[in-house]
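So the structure is just underneath, and the comments pick up after that.
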Amino acid sequence: VGPVKVLACSMVTWGIISTATAWVWNGFSLMIFRFSLGLAESAFYPGCLYLLTCWFPEEFLGRAVAYFATATSVGGILSTAGSGFLMEALDGAYGVRGWRWLLFLEGIPTILLGCCVPLFMTNKPEEARWLKLWPEEWRDKLLSSLNCDATDDKNRNTTTLADSIYINLRDRRTWHYIMQYMGMMMVLNCSRFSLPTQLKEALGERTSDSQVGLLLTLPALIKIVLSPLAARYSDGKTKRQKSTLIKVILGAAASFLLVGAILMICGLGNGNWNVAFVSLCSFADVAVQCSVPIFWSLQMGTFKGEFAATNLALINALGNIGGFLGPSLVGIVHDQIGLVCVPEDEKCAKQWGWGMMTVGVCFAASTIFTTLSGGPEVLAMYERSNV
């Protein structure tokens with residue numbers, strides 16, 4: 001089939017389901033639509049990452065992934081700033097609530113872009129018509145430096161999907177990556193789902209959704225600036241150095257998250273002070289986002305050929321369990337703390353503080369575990385080019 005067709009189908013299906021979510025009628029139907037949406041978009045991210053390995057040499061992978069990741073931040077700016085305005089402007093239009101209009105309108109561009117993917121993208125550089133216009137010497141040099149299809153034809157014909165999964169799961173590096181990515185996704189999804197509500201409660205009920213959306217564009221802008229810079233710094237480094245850099249950044253993120261959570265729990269302030277404490281949690285989100293391009297460039301530089309696609313899918317699928325656990329833990333702890341006798345003026349900050357503390361402890365434990373488990377044997381394995 002090829003990754004381009006998979007991406008196109010994923011995007012079109014994703015957009016259709018997202019648009020159809022505007023017609024949900026109860027909580028159960030919303031869960032069905034959201035589950036279907038997750039299935040539809042599951043192939044998109046690993047598929048894009050795999051295509052990047054086919055198109056960019058290893059020494060440029062960090063920057064390539066960083067520029068790809070900044071698209072997420074740009075989309076975050078447009079969605080956070082624009083979603084509030086759309087909901088407020090269209091609320092009640094033709095008797096339809098604003099959030100339904102939002103879901104309906106935001107799915108349409110995805111459908112249109114998905115239809116355009118096969119027209120502008122190819123599975124391999126060799127298939128690109130414009131690349132054939134390059135001087136032959138330049139083209140051959142580029143193609144020889146790429147990662148895609150590094151496995152010889154004999155192995156490709158004899159290795160099944162089950163064999164590829166089995167080989168990847170037996171590799172200690174795979175589980176090392178999964179543990180790291182799981183912790184990273186816990187923080188990123190907590191920020192994505194919790195920070196808007198935390199910020200609005202810290203600022204007060206008079207704050208509008210559009211104002212909250214505008215404030216949340218600031219972390220996204222910082223990500224857009226810092227992520228490519230961090231990736232550029234890491235490109236050209238050895239795999240050992242990249243691994244160490246990731247652990248340092250994740251350690252800093254865990255510190256930001258834990259300090260912000262502790263300050264919210266202690267109730268050392270209110271109003272503007274609570275905004276400052278929430279900002280510390282957003283700094284953790286920025287730090288983790290800056291580590292994502294370095295993380296994937298390290299992974300994509302480690303596994304080659306047909307094993308690379310399987311390894312990408314495994315790490316993305318199992319690592320995203322953290323993306324489910326993080327917000328779930330925050331919500332459960334938030335609700336349980338609300339049942340305890342807490343002074344009303346400190347209730348919101350303490351509830352969110354304990355929730356973020358729980359995620360922060362899990363994230364710190366994941367970071368410490370992967371740091372301690374990344375001993376000489378695993379670090380030496382990073383230096384190998386193939387599985």
Side-chain angles (χ1 to χ4, degrees), residues 10 14 17 30-50 65 69 72 161-162 164-195 243 246-247 249-251 253-254 257-258 261 281 284-285 287-289 291-296 298-300 302-303 307-336 355-374 378:
S10 175
W14 172 6
I17 295 173
L30 177 62
M31 288 191 293
I32 295 297
F33 275 102
R34 293 301 297 175
F35 179 77
S36 301
L37 183 66
L39 287 179
E41 68 182 25
S42 61
F44 178 78
Y45 195 74
C48 288
L49 291 176
Y50 179 69
V65 177
T72 305
L161 175 61
S164 181
I165 293 174
Y166 177 71
I167 291 171
N168 275 291
L169 289 179
R170 287 188 61 188
D171 196 311
R172 285 181 59 186
R173 293 169 297 178
T174 302
W175 292 104
H176 192 266
Y177 287 128
I178 289 171
M179 286 297 297
Q180 272 191 331
Y181 196 58
M182 190 178 295
M184 293 159 67
M185 290 307 298
M186 287 182 72
V187 176
L188 291 177
N189 274 15
C190 279
S191 300
R192 184 178 304 165
F193 295 115
S194 302
L195 278 180
S243 177
I246 292 171
K247 292 166 186 173
I249 296 175
L250 294 184
L257 188 59
L258 290 172
C281 297
D285 172 67
V288 173
Q289 189 65 53
S291 70
V292 169
I294 308 172
F295 171 85
W296 284 119
L298 176 62
Q299 185 277 336
M300 292 188 289
T302 304
F303 295 86
F307 296 109
T310 307
N311 193 263
L312 272 170
L314 284 172
I315 293 170
N316 186 68
L318 298 179
N320 267 295
I321 294 174
F324 167 77
L325 292 176
S328 299
L329 285 173
V330 171
I332 291 171
V333 175
H334 176 277
D335 293 343
Q336 291 301 313
M356 300 305 286
M357 170 66 78
T358 305
V359 172
V361 169
C362 293
F363 176 51
S366 169
T367 303
I368 292 171
F369 175 79
T370 53
T371 300
L372 295 178
S373 65
V378 173

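All values derive from a computational prediction rather than experimental measurement.
Between the side chain of Ser366 and the backbone N or O of Cys362 there is no donor-acceptor pair closer than 3.5 Å. At distances below 3.5 Å, not a single donor-acceptor pair connects side-chain atoms of Ser194 with backbone N or O atoms of Ser191.
Side-chain contact check for Gln180 versus Lys247: some heavy-atom pair is nearer than 4.5 Å. The shortest distance between side-chain heavy atoms of Asn189 and Phe324 does not fall below 4.5 Å. Taking 4.5 Å as the limit, some side-chain heavy atom of Ile249 sits within range of a side-chain heavy atom of Ile294.
Of all heavy-atom pairs spanning Ala69 and Gln289, the tightest one is CB-NE2, 4.0 Å. Heavy atoms only, all atoms of each residue included: Ala253 and Ala284 are closest at O-CB, 3.3 Å. Nearest heavy atom pair, residue Pro46 against residue Leu312, reads O-CD1, 3.9 Å. Phe363 and Gly183 get closest at one heavy-atom pair: CD1-O, 3.3 Å. The two residues Val361 and Leu258 make their nearest non-hydrogen contact at N-CD2, 3.7 Å.
Under the rule for a side-chain contact (heavy atoms from CB on, under 4.5 Å), the partners of Met356 that lie at least two apart in sequence or sit in another chain are Cys190, Gln198, Leu257, Ala261, Met264, Cys281, Val330. With sequence neighbours left out, the side-chain contact (heavy atoms from CB on, under 4.5 Å) criterion links Ile178 to Thr174, Trp175, Met182, Ile315, Leu318. Residues satisfying the side-chain hydrogen bond (donor to acceptor under 3.5 Å, both in side chains) criterion with Arg34, sequence neighbours excluded, are absent altogether. Annotation: side-chain contact (heavy atoms from CB on, under 4.5 Å) contacts of Ile165 (sequence neighbours excluded): Leu161, Leu169, Thr310, Leu314. Partners of Phe33 according to the ring-ring contact (aromatic ring centres under 6.0 Å, His included) rule, which considers only residues two or more places apart in sequence or in another chain, do not exist here. By the ring-ring contact (aromatic ring centres under 6.0 Å, His included) test, Phe295 pairs with Tyr177, Tyr181, sequence neighbours left out. Every residue was checked against the side-chain contact (heavy atoms from CB on, under 4.5 Å) condition with Ala313, not counting sequence neighbours, and none meets it.
The CD1 atom of Ile321 lies 11.5 Å from the CE atom of Met185; values are rounded to the nearest 0.5 Å. Atoms CD1 and CG, on Ile332 and Leu325 in that order, are 9.5 Å from each other to the nearest 0.5 Å.
Among pairs with a residue in residues 314-326, those fulfilling side chain to side chain donor-acceptor pair (under 3.5 Å) read Asn316-Asn320, at least two apart in sequence or across chains.
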Given side-chain contact (heavy atoms from CB on, under 4.5 Å), test Thr370 with Leu250 step by step and report yes or no.
CA-CA 11 Å; Thr370 53; Leu250 294 184; 5.8 Å; no

Determine, step by step, whether Leu329 and Met186 satisfy the side-chain contact (heavy atoms from CB on, under 4.5 Å) criterion, reporting the C-alpha distance in whole Å, the side-chain angles of both residues, the deciding distance to 0.1 Å, and the verdict.
CA-CA 9 Å; Leu329 285 173; Met186 287 182 72; 3.9 Å; yes

